[in-house]
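Below you'll find the structure, written out as structure tokens, and then a few comments.
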Amino acid sequence: MVSMTNKQIAAVLDEIADLLQLKGDVFRERAYREASRRLDMLSQQAAELYAAGKLHSIPGIGKSMEGHIAELLETGRSQRYEELKKEFPTGLLELLQVPGLGPKRARKLYEELDITNLAELERAAKEHRLHSVPGMGEKTEANILRALERRLTRGRRLLLGVALPAAEQVAGLLRGHPAVAAAEPAGSIRRRLETIGDIDILVASTQPKAVMEAIIHLPIVKEVLAAGPTKTSVLNPDDLQIDVRVIDPSTYGAALQYFTGSKQHNIHLRDIAIRKGYKVSEYGIFKEPGDHRVGGEKEEDIYRVLGMDIMPPEIREDTGELEAALEHRLPTLVELSDIQGDLHCHTDWSDGVDPLETMASAARALGYRYLAITDHSRGLGVAHGLSIERLREQRHLIDEFNERSPDLHVLFGTEVNIKSDGNLDYEDEVMAQFDIVTASVHGGFNQDRDTITKRILRAVRSPYVDIIGHPTGRLINARDPYDVDLEAVMRECAKCEVAMEINSSPERLDLNDVHCRQAKELGVMVAINADAHVAAHLNFMRYGVYTARRGWLEKKNVLNTLPFDELRARLRTRRQKRG
DNA sequence: GCCGTTTTCGGCCCGACTGTTTTCAGTCG
């Protein structure tokens, strides 16, 4: 059997969907697209499910699709895919990336003008040959040319940690305006996706004109890109584009539901509505026949009328939340206020900026009852890792601090490096002295799957390790995760009662949302940590909580929701059991 | 290609906008 990962299979199915799109076979395209998405999110290996004969029990994967996936698993190829590829030149799919160009026009351009890639499209547009195609005029040609020029400068998706504060700032300013009844960021920001395409803010008001006028004059607006009667686009001082839409208060709930998405969630929701004799749009929910409105002022109207519990935006991804809402078995997601402390941060003793006292004050201000100081270990020279001697001094400092701090407990910890051979950076006698240990990979990212998996498994089996830090090492938009068999690590963590971290730093969010859900299913505890290197970054905690919520985690799945006494007892008994 | 509390056949989200056209096709979110 050829070993293909879920991601690889999903990629092939997605390419088949692309080709079907060119053919105009929209429903098959959707079926392949959906199957690809399901595989991509799947926490188990498709190969295992296939071996167990359970592939077609995944929603969106039927008998035929199971056959295609089986062929890929067994031969590494797909006949359907090979045949489709022969029908069109490879460059043709590039055309679909151009805004304004869909499958119909792309195909027409190929058939009428023999255009097979972006370069040829650009040349034809400049030579004014496009408008000779029926249905394409001067304006279409100009728009395509403009899109082609812009395409080169289009940036990547924004980190939530950048987009959310910017959106909240604008929404907050708008809420202060007398004509504004409500204002909040919608779209992927509201769902707390790790990266964001567009910043969309919805405003409820009966006076759109006044609101539009107010936006233009907000102090944080650097430039106005477009100002229409109900939608305005502006740039903030960091050149982030923010779109603001004004909605009549009577349809604000329906609009908020619609603009929050996800697209897949909305499609499925509307499908359920049809089956129950309703129609859902951004203007409300309507009862058939006669289309009279039965709700839409409040967001929960839409769900309530359909017999569902309303679910938090974070899980509106069409991964089972609608079914759960219908059956009244939605999880109660963990909340920021459940967090009792932070188990991973750095001080000026290693590569942090602030001293212990400053970090502790900041933790206290957040209402935490404990904070683990986990500076880097000896071997990590670039981060001023702590020698045995300096560890002893730091322990002393922390003991002293705890004597005069009745409300906040500081734990003496370490972020010990997992060396490339799988050994930890301190000897067992040293490890035994910490209150808490997080073990992380900081180098040797390119090891092959088997090597790096075994390496991390060794760390998990150490009786002194409590948490595996940033378990995949990815940096969003910057560095791919290392090729670790995360499921194997999770199973071992469950067995050894080792927690896995959600590193809350906005460029990490590692574990990610899909991993979190898998961890929950496998019975792995998760620790949500800010990995702060400066006091202000303790506030990153909320991004980790969002990720946990996107992964359906509840309070009981999260280690640092425990009160201090229970946490300490848990760490101690575990150590005794395994040490 | 998937799916079923109207269906194993005949559906598959909904509305806005744009540009090209005289009533609509294509694209987008």
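Every chain is numbered from 1, with letters handed out A, B, ... down the list of sequences.
In dT21(B) the base sits anti relative to the sugar, since the glycosidic angle is further than 90° from 0.
Regarding Asn143(A), its CG atom lies at a distance of 12 Å from the C1' atom of dC17(B), rounded to whole Å. Atom pair Arg191(A):CZ and dG29(B):C1' shows a separation of 12 Å (rounding to whole Å applied). If you measure from atom CZ of Arg245(A) to atom P of dG15(B), you get 16 Å, rounded to the nearest angstrom. The nearest whole Å value for the distance from the CG atom in Asp14(A) to the P atom in dG1(B) is 16 Å. As rounded to whole Å, 9 Å separates atom C1' of dT18(B) from atom NZ of Lys139(A). The separation between His131(A) atom NE2 and dT21(B) atom P is 11 Å, rounded to whole Å. Distance Glu327(A) CD to dT5(B) C1': 14 Å, rounded to the nearest Å. As rounded to whole Å, 12 Å separates atom C1' of dC28(B) from atom CD of Gln21(A).
Taking atom P on both dC12(B) and dT6(B), the two are 16 Å apart, rounded to the nearest angstrom. Between dT20(B) and dC28(B), the distance separating the two P atoms is 15 Å to the nearest Å. For the P atom pair drawn from dG10(B) and dG15(B), the interatomic distance equals 25 Å after rounding to whole Å. The P atoms of dA16(B) and dT21(B) are separated by 24 Å, rounded to the nearest whole Å. Between dC2(B) and dT7(B), the distance separating the two C1' atoms is 14 Å to the nearest Å. Straight-line distance between the C1' atoms of dC13(B) and dG29(B): roughly 12 Å, to the nearest whole Å.
Shown here are the side chain to side chain donor-acceptor pair (under 3.5 Å) partners of Glu554(A), two or more places apart in sequence or in another chain: Lys520(A). Partners of Arg316(A) under the salt bridge (Lys or Arg N to Asp or Glu O under 4.0 Å) rule, at least two apart in sequence or in another chain, are Glu299(A). For the salt bridge (Lys or Arg N to Asp or Glu O under 4.0 Å) test, residues two or more places apart in sequence or in another chain that qualify with Asp485(A) are Arg449(A).
Applying the salt bridge (Lys or Arg N to Asp or Glu O under 4.0 Å) rule to pairs touching residues 251-273 of chain A yields Arg270(A)-Glu282(A), Asp271(A)-Arg275(A), sequence neighbours excluded. Judged as a salt bridge (Lys or Arg N to Asp or Glu O under 4.0 Å), not a single pair has a partner in residues 130-144 of chain A (not counting sequence neighbours).
Residue-level contact check: Leu20(A) touches neither bases nor backbone, having no heavy atom under 4.0 Å from any strand. Residue Ile61(A) is in sugar-phosphate contact alone, with no base atom involved, counting any heavy-atom pair closer than 4.0 Å across all strands shown. In this structure, Glu138(A) reaches the sugar-phosphate backbone alone: every heavy-atom distance under 4.0 Å involves primed, P, OP1 or OP2 atoms, never a base. Residue Arg80(A) is classed as a sugar-phosphate contact, given heavy-atom separations below 4.0 Å to backbone atoms only.
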Do any side-chain atoms of residues 24-31 of chain A form donor-acceptor pairs under 3.5 angstrom with protein atoms, and if so which ones, sequence neighbours left out?
unit_1   : atom_1 : unit_2   : atom_2 : d
Asp25(A) : OD2    : Arg28(A) : NH1    : 2.9
Glu29(A) : OE2    : Arg33(A) : NH2    : 2.9

Only distances under 3.5 Å count here; give the side-chain donor-acceptor pairs of residues 200-213 of chain A to other protein atoms, sequence neighbours excluded, each with its distance to 0.1 Å.
unit_1    : atom_1 : unit_2    : atom_2 : d
Ser205(A) : OG     : Ala179(A) : O      : 2.6
Ser205(A) : OG     : Gln207(A) : N      : 2.9

Assess the residue pair His68(A) and Tyr81(A) against the criterion (ring-ring contact (aromatic ring centres under 6.0 Å, His included)); give the C-alpha distance rounded to whole Å, side-chain angles, the decisive distance to 0.1 Å, and a yes or no. CA-CA 9 Å; His68(A) 293 304; Tyr81(A) 180 46; over 10 Å; no
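For the pairing with Thr319(A), the side-chain hydrogen bond (donor to acceptor under 3.5 Å, both in side chains) check across Gln264(A), His265(A), Arg517(A), Arg38(A) returns one residue only, Arg517(A). Under the salt bridge (charged side-chain N to carboxylate O under 4.0 Å, His left out) test applied with Glu194(A), the options Arg550(A), Arg508(A), Arg474(A) reduce to a single match, Arg474(A).
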Just the atom pairs and distances: protein N or O near nucleotides 22-26 of chain B's N or O, under 3.5 Å.
unit_1  : atom_1 : unit_2    : atom_2 : d
dG26(B) : OP2    : Lys104(A) : NZ     : 3.4

A correct 5'-to-3' footprint of nucleotides 6-14 of chain B, with B, S and - meaning base, sugar-phosphate only and no protein heavy atom under 4.0 Å, is ------BBB
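Residue-to-nucleotide proximity on DNA chain B shows that, of Leu96(A) and Asp25(A), the 5′-proximal contact is made by Asp25(A).
Nucleotide dC17(B) is matched to dG26(B) when pairs are restricted to Watson-Crick or G-U wobble geometry with both distances under 3.5 angstrom.
Contact between the side-chain N/O atoms of Thr140(A) and the OP1/OP2 oxygens of dT18(B) is not found at any separation under 4.0 Å.
Gln79(A) CD: 12 or fewer foreign heavy atoms inside a 6.0 Å radius.
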